[in-house]
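Take a look at the structure below.
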Amino acid sequence: MDGEVSHKGKVISAEGGTVKVEIISQSACSACHAAGLCSASDSKKKEVFVQSSAAFAPGEEVNVMLRRSMGMRAVVLAYAVPLFVVLGITVALCYCGVSELVAGLAGIAAIALWYLLVYLLRDKIAGGYAFTIEKIIN
């Protein structure tokens, strides 16, 4: 599974072809033996909805997988595009003779507009991400 990223999770519910899975994402620090003594350790519970025709029972342990290219697409949308937007707007306005303060504020406003656009198109963007699920056989 080189082209996939997978996380272990637990099925919360399974109704009508939609499986609700709880994933506990952990930072690298949280797996450390000293995580209980350190304030840097971090773990978060996330819920993922996966379309599946297979039968799953609540409490069942599963692997939730996503193609690695989809993860890179998310990184580009969330980090790379906003970086180029703020740099492009700020540099272009400074080059045109606008003050640095105004150029910086315009760059921040452009990022805000980018994230508003992503929020408004979230359903369309989410449609491009297809999770798959498989049972963990003990």
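The hydrophobic cluster containing Leu101 also includes Leu105, under a criterion of side-chain heavy atoms closer than 4.5 Å among ILVMFWY residues, counted directly or through chains of members. Think of Val75 as one node in a network of Ile, Leu, Val, Met, Phe, Trp and Tyr side chains linked at under 4.5 Å; its network also takes in Tyr79.
When all heavy atoms of Val85 and Ala110 are compared, the pair lying nearest together is CG1-CB, 3.5 Å. In terms of heavy-atom proximity, Tyr115 sits nearest to Pro82 at OH-CG, 3.4 Å. When all heavy atoms of Val98 and Ala103 are compared, the pair lying nearest together is CG1-N, 4.1 Å. Taking every heavy atom of both residues into account, Ser13 and Pro58 meet most closely at CA-CG, 4.5 Å.
The CD1 atom of Ile23 sits 13.0 Å away from atom NZ of Lys8, with the distance rounded to the nearest 0.5 Å. The CD1 atom of Ile136 lies 5.5 Å from the CD atom of Glu61; values are rounded to the nearest 0.5 Å. To the nearest 0.5 Å, the span separating NZ on Lys46 from CD on Glu22 amounts to 12.0 Å. With values rounded to the nearest 0.5 angstrom, Thr90 atom OG1 is found 10.0 Å from Glu100 atom CD. Between atom CG of residue Leu83 and atom CD1 of residue Ile111 there is a gap of 8.0 Å, rounded to the nearest 0.5 Å.
Between the side chain of Arg122 and the backbone N or O of Tyr119, at least one donor-acceptor pair lies under 3.5 Å. Between the side chain of Lys135 and the backbone N or O of Ala55 there is at least one donor-acceptor pair closer than 3.5 Å.
Residues Val102 and Leu93 form no side-chain contact, since every pair of their non-hydrogen atoms from C-beta on lies 4.5 Å or further apart. In this structure the side chain of Trp114 reaches within 4.5 angstrom of the side chain of Leu77, judged on heavy atoms. Looking at heavy atoms from C-beta onward, Ile133 lies out of side-chain contact with Asn63 at the 4.5 angstrom threshold. Here the side chains of Val19 and Phe49 are not in contact, with every heavy-atom distance at 4.5 Å or above. Counting heavy atoms from C-beta outward, Leu113 and Leu117 have side chains that stay 4.5 Å or more apart.
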For this session: For the pair Val50 and Thr18, evaluate side chain to side chain contact (heavy atoms under 4.5 Å, CB included) and give the outcome as yes or no after the intermediate values.
Result: CA-CA 6 Å; Val50 182; Thr18 301; over 6 Å; no
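Val81 and Ile108 fall into different hydrophobic clusters, where Ile, Leu, Val, Met, Phe, Trp and Tyr side chains are chained together by heavy-atom contacts under 4.5 Å. Note on Leu121 and Val118: same hydrophobic cluster, where clusters join Ile, Leu, Val, Met, Phe, Trp and Tyr whose side-chain heavy atoms are under 4.5 Å apart, directly or indirectly.
In this view, Lys10 satisfies the salt bridge (charged side-chain N to carboxylate O under 4.0 Å, His left out) rule with no residue, not counting sequence neighbours.
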